[in-house]
J.: 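The structure follows.
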Amino acid sequence: MNKTGRNALITGITGQDGSYLAELLLSKGYKVFGLVRRKSKLDFNNAAHLSGKVQFIFGDMTDLASLIRALEISEADEIYNLAAQSFVTTSWETPLSTADINAIGVTNILEAIRLTRPKARFYQASTSEMFGKVQAIPQNETTPFYPRSPYGVSKLYGHWITKNYRESYGMFACSGILFNHESERRGAEFVTRKITIAIAKIKAGKQDVLELGNLDAKRDWGHSQDYVKAMWLMLQQDKADDFVIATGETHPVREFVTLAFEAAGMAIEWHGQGVDEYATLKGTDKVVVKVNPAFYRPAEVDLLIGDASKAEKTLGWKREISYPELIKRMVENDQKLLAEGKI
């Protein structure tokens, strides 16, 4: 039953954020539609459990006609664009397709909205990677951008084209500049999930060593469930605007690894650079963590920390799931998934 009388279309619904957002909107009584790409093997990934609750529509961000069709079918009042090639490392290997999806794809969906649903409200998933080589600490809505990867550059285009459509056509179009947010549903190719999956396998005797790249890169990490609430809040305002969503805390990758292994009751024997102060963890087991230069990015983003005071004041948003709790949830969930034969 559509209790709110509102329809929402989510692109990227099969991803981490898309599935959590769908659950949030369903709990608020929305009728939810999800855009999915047609593949030779149909896989709804994180949204599989939403079958029967969400209406899936086949489409592609690079195909304007399919986006127009999706808007006509869904009659969406709110559109959340979460579809992206979202892996930074992959963007160096496939820069053109990354641009097609993350940059031109945003223009496609905005143009489709302008032509078919001009009164609808649009959310664009921007990213802290747009700050890249940071020009100020912490980063807020007025901090200059300096992206350091094809992914960051493509997302910056999407961010600015959203602002342009808002100012040129009077559309309700806004961007959430979200800092790193993880969860139990994070893709296995992301470093946080790579860590927690490895922990599950090492503890089960199925893996011996964890190899990682730059352990000193610092990130502002929150939980996806908190961040999708901010997306929804942005589209409930009287005026469209852009907001930084972050925790205001920064943690090095090395610390994430440390806390994750501690959560599993394991100690680390570090092999690589800068390891001395982390080599004495207490635990029942000891595992090797190696620094592998092959995992370094061509251009690294060293420090990201966001200032979400505007979102906290204007939207009433706040982070509820702490950094240690985020790590604990991910570690425990991957041990459970391994035991069930799902990873």
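Residue numbers start at 1 and run along the sequence shown.
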J.: Tell me if the CZ atom of Arg114 is crowded by more than 12 foreign heavy atoms within 6.0 Å.
T.: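 Yes.
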J.: Do you know the tightest heavy-atom contact between Ser183 and His223?
T.: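 Shortest heavy-atom separation between Ser183 and His223 comes out as CB-CE1, 3.6 Å.
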J.: Which value, rounded to the nearest 0.5 Å, describes the distance between Glu255 atom CD and Glu262 atom CD?
T.: 9.5 Å
J.: Start with the C-alpha gap between Lys310 and Val244, add the side-chain angles, then the distance that decides, and say whether side-chain contact (heavy atoms from CB on, under 4.5 Å) holds.
T.: CA-CA 8 Å; Lys310 178 181 173 182; Val244 163; over 6 Å; no
J.: Restricting to non-hydrogen atoms, name the atom on Arg37 and the atom on Phe58 that form the minimum distance, rounded to 0.1 Å.
T.: C-CD2, 4.2 Å
J.: So, Asp226 side chain and Arg319 main chain: donor-acceptor pair closer than 3.5 Å or not?
T.: no
J.: Can you check whether Asn81 reaches Val106 side chain to side chain, under 4.5 Å on heavy atoms?
T.: yes
J.: I'd like to know whether OH of Tyr146 has more than 12 heavy-atom contacts from other residues, nucleotides or ligands below 6.0 angstrom.
T.: no
J.: Out of the candidates Thr196, Thr192, Val191, only one should pair with Glu182 under the side chain to side chain contact (heavy atoms under 4.5 Å, CB included) rule; please name it.
T.: Thr192
J.: Nearest 0.5 angstrom please: Phe87 CZ to Ser149 OG, how far?
T.: 11.0 Å
J.: Run the ring-ring contact (aromatic ring centres under 6.0 Å, His included) check on Phe145 and Phe131 step by step: do they pass?
T.: CA-CA 4 Å; Phe145 298 116; Phe131 293 119; 5.2 Å; yes
J.: Where the side chain of Ser91 meets the backbone of Tyr151, is there a donor-acceptor pair that is under 3.5 Å apart?
T.: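 The answer is yes, because a donor-acceptor pair under 3.5 Å joins these two groups.
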J.: Under 4.5 Å between any side-chain heavy atoms of Leu210 and Leu212, yes or no?
T.: yes
J.: Can a donor-acceptor pair be found between the side chains of Trp160 and Tyr165 at a distance below 3.5 Å?
T.: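 No - no donor-acceptor pair under 3.5 Å links their side chains.
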J.: For Phe190, does the six-membered ring have the charged nitrogen or CZ of Arg186 within the cation-pi criterion, i.e. under 6.0 angstrom from the centroid and within 45° of the normal?
T.: yes
J.: Do Asn140 and Thr143 have side-chain N/O donor and acceptor atoms under 3.5 Å apart?
T.: yes
J.: Between Gln16 and His181 (side chain of the first, backbone of the second, donor and acceptor by atom type, cut-off under 3.5 Å), is there such a pair?
T.: yes
J.: Measuring only between side-chain heavy atoms, which start at C-beta, is Ser128 closer than 4.5 Å to Asn180?
T.: yes
J.: Is the backbone of Ile305 close enough, under 3.5 Å, to the side chain of Lys218 for a donor and an acceptor to pair up by distance?
T.: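 Checking the backbone N and O of Ile305 against the side chain of Lys218, no donor-acceptor pair under 3.5 Å is found.
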J.: Tell me whether Arg185 is salt-bridged to Glu23, with the criterion being a basic N under 4.0 Å from an acidic carboxylate O.
T.: yes
J.: Between Arg148 and Glu129, is a side-chain contact (heavy atoms from CB on, under 4.5 Å) present by the stated rule, with each step listed?
T.: CA-CA 8 Å; Arg148 297 272 281 171; Glu129 288 286 332; 5.9 Å; no
J.: For the residue pair Phe172 and Phe122, is the inter-centroid distance of their aromatic rings smaller than 6.0 Å?
T.: no
J.: Find the distance between CD1 (Ile101) and OG1 (Thr11) and round it off to the nearest 0.5 Å.
T.: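 Going from the CD1 atom of Ile101 to the OG1 atom of Thr11 covers 11.0 Å.
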J.: Taking Leu338's backbone N and O only, do any of them form a donor-acceptor pair with Lys206's side chain (distance below 3.5 Å, no angle check)?
T.: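 Checking the backbone N and O of Leu338 against the side chain of Lys206, no donor-acceptor pair under 3.5 Å is found.
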J.: Check whether any side-chain heavy atom of His159 lies under 4.5 Å from a side-chain heavy atom of Lys155, and answer yes or no.
T.: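 Not touching, per the 4.5 Å side-chain cut-off.
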J.: Would a distance-only check, ignoring hydrogens and angles, find a side-chain to backbone donor-acceptor pair under 3.5 Å from Glu312 to Thr314?
T.: no
J.: Minimum heavy-atom separation for Met234 and Tyr123, please, with both atom names.
T.: SD-CE1, 3.6 Å
J.: Does one side chain, of Gln124 or Ser175, offer a donor that lies under 3.5 Å from an acceptor on the other?
T.: no
J.: When you measure from the side chain of Ser322 to the backbone N and O of Glu325, does any donor-acceptor pair fall under 3.5 Å?
T.: yes
J.: As an exercise, state the distance from CG of Leu9 to NZ of Lys31, rounded to the nearest 0.5 Å.
T.: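 One finds 12.5 Å between CG of Leu9 and NZ of Lys31.
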J.: Ignoring hydrogens and angles, state whether a donor on the side chain of Thr14 or Asn45 is under 3.5 Å from an acceptor on the partner side chain.
T.: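 No, no side-chain donor-acceptor pair sits under 3.5 Å.
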J.: A quick test of your reading: do over 12 heavy atoms of other residues, nucleotides or ligands sit less than 6.0 Å from NZ of Lys328?
T.: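 Open: at most 12 neighbouring heavy atoms sit under 6.0 Å from NZ of Lys328.
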J.: Using a cut-off of 6.0 Å, state whether more than 12 heavy atoms not belonging to Arg329 lie near its atom CZ.
T.: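 Result for CZ/Arg329: enclosed.
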J.: For Gln236 and Glu78, test the side chains for any donor-to-acceptor distance below 3.5 angstrom and give the result as yes or no.
T.: yes
J.: Taking the ring of His251 and the ring of Phe256, is the distance between their centroids below 6.0 Å?
T.: no
J.: Evaluate the side-chain proximity of Asn108 to Met61: yes if any heavy-atom separation is below 4.5 Å, no if none is.
T.: no
J.: Checking Cys174 against Thr162 for the side-chain contact (heavy atoms from CB on, under 4.5 Å) test, could you report, in this order, the C-alpha distance in whole Å, the side-chain angles of both residues, the deciding distance, and whether it holds?
T.: CA-CA 7 Å; Cys174 61; Thr162 299; 5.8 Å; no
J.: What's the shortest heavy-atom distance between Ile13 and Leu35, and which atoms?
T.: CG2-O, 4.0 Å
J.: Applying the 4.5 Å side-chain criterion to the ILVMFWY set and letting contacts propagate, would Val36 and Leu25 be lumped into a single cluster?
T.: yes
J.: Counting C-beta onward and ignoring hydrogens, is there a side-chain heavy-atom pair between Leu178 and Met231 closer than 4.5 Å?
T.: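 Leu178 reaches Met231 side chain to side chain.
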J.: Tell me the closest heavy-atom pair linking Val331 and Ala260, and the distance in Å.
T.: CG2-O, 3.7 Å
J.: Is the backbone N or O of Gly306 less than 3.5 Å from a side-chain atom of Asp220, with the two atoms forming a donor-acceptor pair by type?
T.: yes
J.: What residues form a side chain to side chain donor-acceptor pair (under 3.5 Å) with Thr62, not counting sequence neighbours?
T.: Asp60
J.: Check this for me: does any side-chain nitrogen of one of Asp77 and Arg121 sit under 4.0 Å from a carboxylate oxygen of the other?
T.: no
J.: Determine, using ring centers only, whether Trp317 and Tyr227 are less than 6.0 Å apart.
T.: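 When the ring centroids of Tyr227 and Trp317 are compared, they turn out to be within the sub-6.0 Å range.
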J.: Decide yes or no on side-chain contact (heavy atoms from CB on, under 4.5 Å) for Phe33 and Asn7, but give the supporting numbers first.
T.: CA-CA 8 Å; Phe33 298 79; Asn7 295 356; 4.1 Å; yes
J.: Classify the ring geometry between Trp221 and Tyr323 as parallel (under 30°), tilted (30 to 60°) or perpendicular (over 60°).
T.: parallel
J.: Can you confirm whether Lys53 sits close enough to Val32 that some side-chain heavy atom of one is under 4.5 Å from a side-chain heavy atom of the other?
T.: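 Sidechains of Val32 and Lys53: no contact.
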J.: Could you tell me if the side chain of Leu21 sits less than 4.5 Å from the side chain of Leu82, heavy atoms only?
T.: yes
J.: Distance-only, no hydrogens or angles: does the Glu332 side chain make a donor-acceptor pair with backbone N or O of Asp334 under 3.5 Å?
T.: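 No, the answer is negative, given that no donor and acceptor are paired below the 3.5 Å cut-off.
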J.: About how many Å separate OH of Tyr20 and CG of Asn46, when rounded to the nearest 0.5 Å?
T.: 7.5 Å
J.: For Arg166 and Ala173, indicate whether the former's side chain and the latter's backbone hold a donor-acceptor pair under 3.5 Å.
T.: yes
J.: Which heavy atom of Pro138 sits nearest a heavy atom of Asp307, and at what distance?
T.: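 Result for this residue pair: CG-CB, 3.9 Å.
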